[in-house]
Protein chains: 2
Amino acid sequence: MILSLTEENYLKSIFHLSDNGQTAVNTNHIANQLNTRASSVTDMLKKLADKSLINYQPYQGVTLTAEGRKKAISIVRRHRLWEVFLVDKLHFGWDEVHDIAEQLEHVQSDALTDRLADFLGNPVADPHGDLIPDKNGEFEQTKFIPVDQMSTGHTGIISGVSEHSVSFLQYLQKHDLVLGKHIALLETTGFDGSVTLLINQSKELTISKEAAKNILVL
Amino acid sequence: MILSLTEENYLKSIFHLSDNGQTAVNTNHIANQLNTRASSVTDMLKKLADKSLINYQPYQGVTLTAEGRKKAISIVRRHRLWEVFLVDKLHFGWDEVHDIAEQLEHVQSDALTDRLADFLGNPVADPHGDLIPDKNGEFEQTKFIPVDQMSTGHTGIISGVSEHSVSFLQYLQKHDLVLGKHIALLETTGFDGSVTLLINQSKELTISKEAAKNILVL
DNA sequence: CAATAAATTTAGACTTGTCTAAAAATATAC
DNA sequence: GTATATTTTTAGACAAGTCTAAATTTATTG
Ligand SMILES: [Mn+2]
Ligand SMILES: [Mn+2]
Ligand SMILES: [Mn+2]
Ligand SMILES: [Mn+2]
């Protein structure tokens with residue numbers, strides 16, 4: 001079944017808001033994420049339910065069906081593959097690629113997606129450390145730890161971010177907190193939760209708890 | 001001004017049907033090309049005229065304005081660059097790329113287009129020999145000759161096709177009549193206009209006048 | 001558990017792009 | 001040059017997706 005661009009965006013939104021399809025998602029959350037109104041969401045939920053892509057009981061929120069989840073994952077796969085392309089091949093910055101990938105993700109061609117993945121070397125993560133599902137929709141199993149949950153003295157490799165705003169990405173870039181960097185947690189301030197890091201065994205930097213929470217290490 | 005996917009397709013259609021924007025285009029021609037109805041076309045022509053993208057006088061056909069032509073050319077540029085990407089980088093066949101490029105051409109980002117062009121080495125022609133306008137909308141000046149207009153004994157390099165159907169492209173592929181091949185015209189049959197070619201100084205092949213008309217040499 | 005608050009759905013309208021059928025304009029033919 | 005055929009436009013309707021405002025359901029709270 002072929003989906004409209006709008007239907008694809010709703011499915012992707014539900015997928016992300018439900019933490020990969022586990023929990024039920026509210027109408028208002030979807031409206032908020034898609035910058036639309038609750039009434040518009042209700043209308044679309046009915047359509048998606050008619051197509052058996054979501055489980056929808058009025059007033060009870062929605063979950064994805066197996067079919068809906070499959071569709072959502074394939075959109076996520078396309079989005080992240082294109083982000084890799086934009087950064088690795090076209091040399092865009094990691095803060096510049098999301099909006100373009102939002103458009104590219106809607107190009108519907110399995111042959112294109114698969115060849116693109118091959119061309120990029122079948123990457124398992126995008127430029128922000130987000131995992132790229134494989135052709136069968138499977139994510140590699142990993143356990144990222146947010147920096148604010150690291151213990152003093154422990155070390156890790158920056159492997160992802162859980163906040164994707166342009167301003168946050170530019171902030172990280174400026175302080176050299178990019179994917180692949182080695183960090184050691186020197187100290188956590190009890191007062192405000194800010195943490196002091198040693199980056200690549202050389203540079204010290206103190207960041208807020210808020211920032212630490214959104215940097216993921218392995 | 002940002003255009004909808006549909007508006008982009010109408011502009012592109014008018015551009016192609018008017019031989020790059022020179023002559024006036026009829027309502028019915030557009031309807032035919034876009035697989036829609038004349039009445040739908042009339043509606044859209046009014047909208048495009050309101051936006052100063054076309055010159056439209058009821059019953060008199062349309063031409064592109066300078067602005068409309070600029071938009072159309074930028075869509076053509078994106079289409080052909082993506083076709084190069086699909087063939088050169090993702091190894092699709094020249095008969096497989098058009099439909100995917102029809103989708104990719106609508107991704108709107110000048111930065112993307114320019115970086116893609118750089119990545120591909122700023123090609124001047126797509127996999128079918130169609131010229132790719134540069135960033136400023138200029139086409140390289142060339143004078144293709146259709147094979148049916150070559151004189152006996154003359155030679156040329158296959159540089160383009162003027163018919164893009166999948167079946168014709170596959171026919172050419174099968175007989176090794178692809179871009180870059182050297183051909184010599186051995187003989188033209190007066191009877192039906194079919195021509196006998198020598199391909200790459202080695203293989204002889206007779207093709208119909210219809211086929212010859214759609215193969216372009218330099 | 002009754003009263004209020006919050007979330008969700010319904011009702012009705014609007015935009016974009018499309019269609020069929022009918023009317024109007026233009027082109028062609030005798 | 002009038003009749004006929006073709007092309008184009010108008011009129012009215014429809015589907016997708018959205019919105020505001022009102023009604024309804026669920027949640028909270030004293
Ligand atoms: Mn993204
Ligand atoms: Mn990403
Ligand atoms: Mn093409
Ligand atoms: Mn082409």
Side-chain angles (χ1 to χ4, degrees), chain A residues 1-18 23-64 68 71-72 75 102-103 105-108, chain B residues 1-18 23-64 68 71-72 75 102-103 105-108:
Chain A
M1 187 195 352
I2 191 161
L3 299 179
S4 72
L5 183 148
T6 310
E7 289 170 327
E8 287 198 338
N9 279 335
Y10 273 89
L11 287 181
K12 185 167 62 112
S13 200
I14 295 167
F15 179 78
H16 283 134
L17 289 172
S18 70
T23 62
V25 185
N26 300 328
T27 300
N28 269 342
H29 285 166
I30 300 169
N32 200 55
Q33 166 115 352
L34 290 178
N35 258 297
T36 185
R37 302 294 168 165
S39 56
S40 308
V41 174
T42 301
D43 287 345
M44 180 56 84
L45 294 184
K46 288 178 192 163
K47 284 181 211 165
L48 294 175
D50 283 349
K51 296 188 177 182
S52 301
L53 295 165
I54 62 173
N55 307 114
Y56 170 59
Q57 290 301 105
Y59 298 100
Q60 303 311 132
V62 292
T63 56
L64 294 171
K71 290 283 187 190
I75 301 158
E102 284 292 306
Q103 296 186 63
E105 73 185 6
H106 299 291
V107 174
Q108 298 186 347
Chain B
M1 187 196 352
I2 192 162
L3 299 179
S4 72
L5 184 148
T6 310
E7 288 170 328
E8 286 197 339
N9 279 335
Y10 273 90
L11 287 181
K12 184 167 63 107
S13 200
I14 295 167
F15 179 78
H16 283 134
L17 290 172
S18 70
T23 62
V25 185
N26 301 328
T27 300
N28 269 342
H29 285 166
I30 300 170
N32 200 55
Q33 166 114 353
L34 291 178
N35 259 295
T36 183
R37 301 296 167 164
S39 56
S40 307
V41 174
T42 301
D43 287 345
M44 180 56 84
L45 294 183
K46 287 179 195 166
K47 284 181 212 166
L48 294 175
D50 283 348
K51 296 189 178 183
S52 301
L53 294 166
I54 62 172
N55 306 114
Y56 171 58
Q57 291 302 105
Y59 298 101
Q60 301 312 131
V62 293
T63 56
L64 294 171
K71 290 283 186 190
I75 301 158
E102 284 292 305
Q103 297 185 64
E105 72 186 5
H106 298 292
V107 174
Q108 298 188 347

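Because the structure is predicted, anything quoted here is derived from the model rather than measured. Reminder, nothing fancy here: chain letters follow the sequence lines and each chain counts from 1.
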*In whole Å, what is the span from the CG atom of B:Leu5 to the P atom of C:dG17?*
9 Å
_Please report the distance, rounded to the nearest Å, between CG in B:Leu34 and P in C:dG17._
13 Å
_Nearest-angstrom distance from the residue atom CG of B:Asn9 to C1' of C:dT16_ = 15 Å
*Less than 4.5 Å apart, any side-chain heavy atom of A:Ser40 and any of A:Tyr10?*
yes
_Nearest whole Å is fine: how far is D:dT8 P from B:Gln60 CD?_
10 Å
*Under-4.0 Å side-chain N/O to phosphate OP1/OP2 contact, B:Lys46 with D:dT10*: yes
*B:Lys12/B:Glu102 salt bridge by N-O under 4.0 Å criterion*: yes
*asked:* Does D:dT8 have OP1 or OP2 under 4.0 Å away from a side-chain N or O of B:Asn28?
replied: yes
*Heavy-atom distance under 4.5 Å between the side chains of A:Leu48 and A:Val62, does that happen here?*
no
*Quick one: are B:Leu3 and B:Leu11 in side-chain contact, heavy atoms under 4.5 Å?*
yes
*Choose from C:dA25, C:dT18, D:dG17 the nucleotide whose nearest atom is closest to any side-chain atom of B:Tyr59.*
C:dA25
*asked:* When you measure from the side-chain N and O atoms of A:Asn26 to the phosphate of C:dA7, is any distance below 4.0 Å, counting only OP1 and OP2?
replied: no
*asked:* Could you work out, with side chain to side chain donor-acceptor pair (under 3.5 Å) as the rule, every residue matching A:Gln33, not counting sequence neighbours?
replied: none
*State plainly whether the residues A:Lys71 and A:Glu7 are in salt-bridge range, i.e. N to O under 4.0 Å.*
no
*Closest contact, heavy atoms only, A:Thr27 versus A:Ala38*: CG2-O, 3.5 Å
_First of A:Lys47 and B:Gly61 reached from the 5' end of DNA chain D, by closest nucleotide_ = B:Gly61
*Send over the distance from A:Leu17 CG to C:dA7 P, rounded to a whole Å.*
15 Å
*Taking atom P of D:dT24 as reference, at what distance in whole Å does atom CD of A:Gln57 sit?*
21 Å
*Tell me which residues in residues 36-45 of chain A put a heavy atom below 4.0 Å from DNA chain D, sorted by number, or none.*
A:Thr36, A:Arg37, A:Ser39, A:Ser40, A:Asp43, A:Met44
*How long is the line joining CD of A:Glu7 and C1' of D:dG17, in whole Å?*
10 Å
*Between C:dT15 atom P and B:Asp50 atom CG, what is the distance in whole Å?*
14 Å
